[in-house]
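The structure appears below as structure tokens.
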Amino acid sequence: MADFDLAIIGGGINGAGIARDAAGRGLKVLLVEQNDLASGTSSASTKLIHGGLRYLEHYWFRLVREALTEREVVLRMAPHLVRPLRFVLPHEPGMRPAWMLRIGLFLYDHLGGRKILPGTRTIDLSRDALGAPLKGRYRYGFEYSDCQADDSRLVVLNALDAAERGAVIRTRTRCVRAERSDVWQLVLEVRGRRDVKSARALVNAAGPWVGLFEQTVLQRPPSEELRLIKGSHIVLHRLFDHDRAYIFQTPDGRVVFALPFECDFTLVGTTDQNFAGDPAGVAPSADEIGYLCNVVNDHFRTTIAPADVIWSFAGVRSLQDDGSNKPQDTPRDYVLALDDEAAPLLTVIGGKITTFRRLAEAALDELAPVLGTRPAWTAKSRLPGGDFPVDGVEQLIAETRASFPFLAEAQARRMVHAYGTRVPRVLGDARTPADLGPVLGADLTGAEVRYLMDQEWAQTADDVLWRRSKLGLRFAREERARLGTFMADAIGNRGAR
Ligand code: FAD
């Protein structure tokens, strides 16, 4: 008898999504993550829940259709974390012709069974306020729909839901050996201590480490030819005063987004570069930062320099290598490779934040011959805190402020977007600001940090500031240190109890 039906390596969106789906089907699930949840690629994405307009010119219709359909499924699943976003695509003389953009946007509007999001419209950029931040050369453009999400919170809420359905989630736990017979024996390392767990089936959802895990832990040849591709982003003070995003075409054939981010900022990305080595600690190069600054300067009236970059981050994706010349031409679709010679091993390659739910369903279909066929259930499910109408965020903010009148508008808004209907669980029976404990920086209180530590596996200041929230953008160095001390004390007090 194995300890678990299914063990999953990797607490990114794919591992957490599979854990949630499997736990909801009644399987005994173990998820192990070597660092923090979403500490890999799943906190370094462009944060779009999108079909991928650019993918249409590669004829990746299966992926685009699935992703467009999932957009609204994921929006309903987590209306606090995911929000509709309108994108402005300026027509650029000398780049893709207008007829091509029109056909692409027509397909984009109609491929995915769109019900909630509005369709495309043409805009006169010489008159419309949306043209005002841009250089004067643009005459017209198009406005279309996609969504934006908090990628790392999406991972955490999948893990939370999985745990509430019985999954065991072990963070800061690295799988260092995996031996296969009729079951898997996994050697797990936690702070220098070793532990062994067994499982009937194993999923390798190690993201950009998928190949490294095969080589070093499974000690087997790679199941697929892999290509690692790095993408970088920069964050700037807000470049425009409205709530739309821009998508720009660049002369090298890429597209670069400029997205409204965390109220006061603009997120610009991404680059696409081949990558080799260990993805841990991947960071944007000076060249990539310079490239993105140039894209901003080529398109906006404002001029910026690398010194204006407030924060930057990079992520690496592992994709199936089809031999494409350019990184941006490598197919983004996911591949699930099943080896069921003995206890089954399922290897996850690629995948998007957008399609995690479908990927999880497909993974469980693959494993059904061993784990049994149990009905899929996630299509109409809600993630924790997402049990309110898809257009109900403003109403929920108003209700939250009525229940906790001492919350400032911005704080209530931030908390509802993070916790949805679970804000009362974070705030407890607080009646005054003092009841929430010390303010550790920005509007982060001791009560919220304790909730994140007790319920969402946060252990360090970075877990809270960059993956449970983006408050890192608003924290000074001393505040960060103080938060670290507060959390270390809380861990110490727990140990002493
Ligand atoms: P990861 O999130 O990397 O998770 C893998 C985890 O495995 C890591 O946390 C790692 O620590 C852990 N791990 C590795 N080895 C071990 C071990 N031995 N033991 C325990 N744990 C281990 N998709 C979208 O839908 N929208 C976007 O806007 C978008 N933008 C993107 C932008 C960029 C630059 C990139 C690179 C990707 C983007 N994607 C986007 C794609 C998406 O982000 C990724 O496909 C997705 O995050 C991959 O998730 P994952 O769970 O497979 O990998």
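Remember, it's 1-based here, ligands and their atoms both numbered in the order they're listed.
Of the charged side-chain nitrogens involved, none lies within less than 4.0 Å of a carboxylate oxygen, so that Glu72 and Lys115 do not count as a salt-bridged pair. Ion pairing between Arg62 and Asp333 holds under the 4.0 Å rule for side-chain N and carboxylate O.
Not counting sequence neighbours, the partners of Ala342 by the side-chain contact (heavy atoms from CB on, under 4.5 Å) test are Arg180.
For Thr354, a nitrogen or oxygen atom sits less than 3.5 Å from a nitrogen or oxygen atom of ligand 1, counting backbone and side chain alike. Between Thr46 and ligand 1, at least one pair of N/O atoms sits closer than 3.5 Å. The shortest N/O to N/O separation between Ile13 and ligand 1 falls below 3.5 Å. In terms of N/O distances under 3.5 Å, ligand 1 is approached by Gln34. In terms of polar-atom proximity, defined here as any N/O pair under 3.5 Å, Cys175 does make such a contact with ligand 1. Considering both main-chain and side-chain atoms, Asn35 never comes within under 3.5 Å of ligand 1 through any nitrogen or oxygen pair. Not one N or O of Ala44 is nearer than 3.5 Å to an N or O of ligand 1, by distance alone. At a 3.5 angstrom cut-off on N or O pairs, His233 does not count as close to ligand 1. For Asn14, a nitrogen or oxygen atom sits less than 3.5 Å from a nitrogen or oxygen atom of ligand 1, counting backbone and side chain alike.
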Please test Leu364 against Leu27 for side-chain contact (heavy atoms from CB on, under 4.5 Å), starting from the C-alpha separation and ending with a verdict.
CA-CA 11 Å; Leu364 287 160; Leu27 296 170; 4.1 Å; yes

Show your working on side-chain contact (heavy atoms from CB on, under 4.5 Å) between Leu367 and Val203 and close with a plain yes or no.
CA-CA 10 Å; Leu367 293 167; Val203 172; 3.9 Å; yes

For a side-chain contact (heavy atoms from CB on, under 4.5 Å) check, start with the C-alpha distance between Arg96 and Gln249, then their side-chain angles and the critical distance, and finish with the verdict.
CA-CA 8 Å; Arg96 294 165 185 89; Gln249 309 174 63; 2.9 Å; yes

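Here atom 5 (C) of ligand 1 lies nearest to Ala206 when heavy atoms of Gly350, Ala206, Gly40, Pro284 are compared. If you check each of Gly207, Ser232, Ser42 against atom 48 (C) of ligand 1, the one with the closest non-hydrogen atom is Ser42. Closest heavy-atom approach to atom 37 (C) of ligand 1 among the candidates Gln148, Arg317, Arg172, Arg71: Arg317. Across Ala314, Ser45, Ala149, Ala38, heavy-atom proximity to atom 43 (O) of ligand 1 is greatest for Ser45.
Two residues are said to be in side-chain contact when any heavy atoms from C-beta on lie closer than 4.5 Å; Phe265 and Trp311 fail this criterion. Leu48 has its side chain within reach of Leu259: a pair of non-hydrogen atoms, C-beta onward, lies under 4.5 Å apart.
Side-chain atoms of Thr69 and Glu66 form no donor-acceptor pair, as typed in the model, at a separation below 3.5 Å. A donor-acceptor contact closer than 3.5 angstrom is absent between the side chains of Ser43 and Arg467. Looking only at atom types and distance, the side chain of Lys47 has no donor-acceptor partner in the side chain of His233 under 3.5 Å away.
The protein atom (non-hydrogen) at minimum distance from atom 4 (O) of ligand 1 is Gly12 CA, 3.4 Å. Protein heavy atom at the shortest distance from atom 23 (N) of ligand 1 is Ile353 N, 3.2 Å. In this structure, atom 7 (O) of ligand 1 lies nearest to the protein heavy atom Gly10 CA, 3.1 Å. In terms of protein heavy-atom proximity, atom 44 (C) of ligand 1 is nearest to Gly351 O, 3.6 Å. When only non-hydrogen protein atoms are considered, atom 9 (O) of ligand 1 lies nearest to Glu33 OE1, 2.7 Å. The single protein non-hydrogen atom nearest to atom 3 (O) of ligand 1 is Thr41 N, 2.9 Å, given as residue, atom name and distance.
Shown in contact with Thr270 at under 4.0 Å from a heavy atom are these atoms of ligand 1, numbered in order with element: 34 (C). The atoms of ligand 1 that sit less than 4.0 Å from any heavy atom of Gly315 are 36 (C). Residue Ser39 approaches ligand 1 through these ligand atoms, each under 4.0 Å from one of its heavy atoms: 9 (O). Listed by number with element, the atoms of ligand 1 under 4.0 angstrom from any heavy atom of Arg174 are 19 (N). Taking every heavy atom of Gly231 and a limit of under 4.0 angstrom, the matching atoms of ligand 1 come to 34 (C). Which parts of ligand 1 touch Phe213 is read off a 4.0 Å heavy-atom cut-off, strictly below it: atoms 18 (N). Which parts of ligand 1 touch Lys47 is read off a 4.0 Å heavy-atom cut-off, strictly below it: atoms 28 (O). The contact set between ligand 1 and Leu48, taken as ligand atoms under 4.0 Å from a residue heavy atom, comprises 24 (C), 25 (O), 26 (N), 27 (C), 28 (O).
Taking the six-membered ring where tryptophan is involved, the planes of Phe248 and His299 are essentially parallel, since the angle between them stays under 30° and well short of 60°. Ring pair Trp60/Tyr55 is tilted by interplanar angle, where 30° to 60° counts as tilted.
Every heavy atom of Lys230 sits 4.0 Å or more from the atoms of ligand 1. The shortest heavy-atom distance from Thr173 to ligand 1 is under 4.0 Å. Not a single heavy atom of Val217 lies less than 4.0 angstrom from ligand 1. Proximity of Ile9 to ligand 1 is established by a heavy-atom distance of less than 4.0 Å.
Taking the centre and axis of the six-membered ring of Tyr108, the NZ or CZ atom of Arg71 falls inside the cone set by 45° and 6.0 Å. Figure legend: cation-pi geometry between Arg254 and Tyr291, with NZ or CZ positioned under 6.0 Å from the six-membered ring centre and within 45° of its axis.
Between Tyr246 and Phe300, a ring centre-to-centre spacing shorter than 6.0 Å is recorded.
Of the heavy atoms in Ala205, only backbone atoms (N, CA, C, O) come closer than 4.0 Å to ligand 1.
For CZ of Phe61, the number of neighbouring non-hydrogen atoms (other residues, nucleotides, ligands) closer than 6.0 Å is greater than 12. A 6.0 Å sphere centred on CZ of Arg165 holds more than 12 heavy atoms belonging to other residues, nucleotides or ligands.
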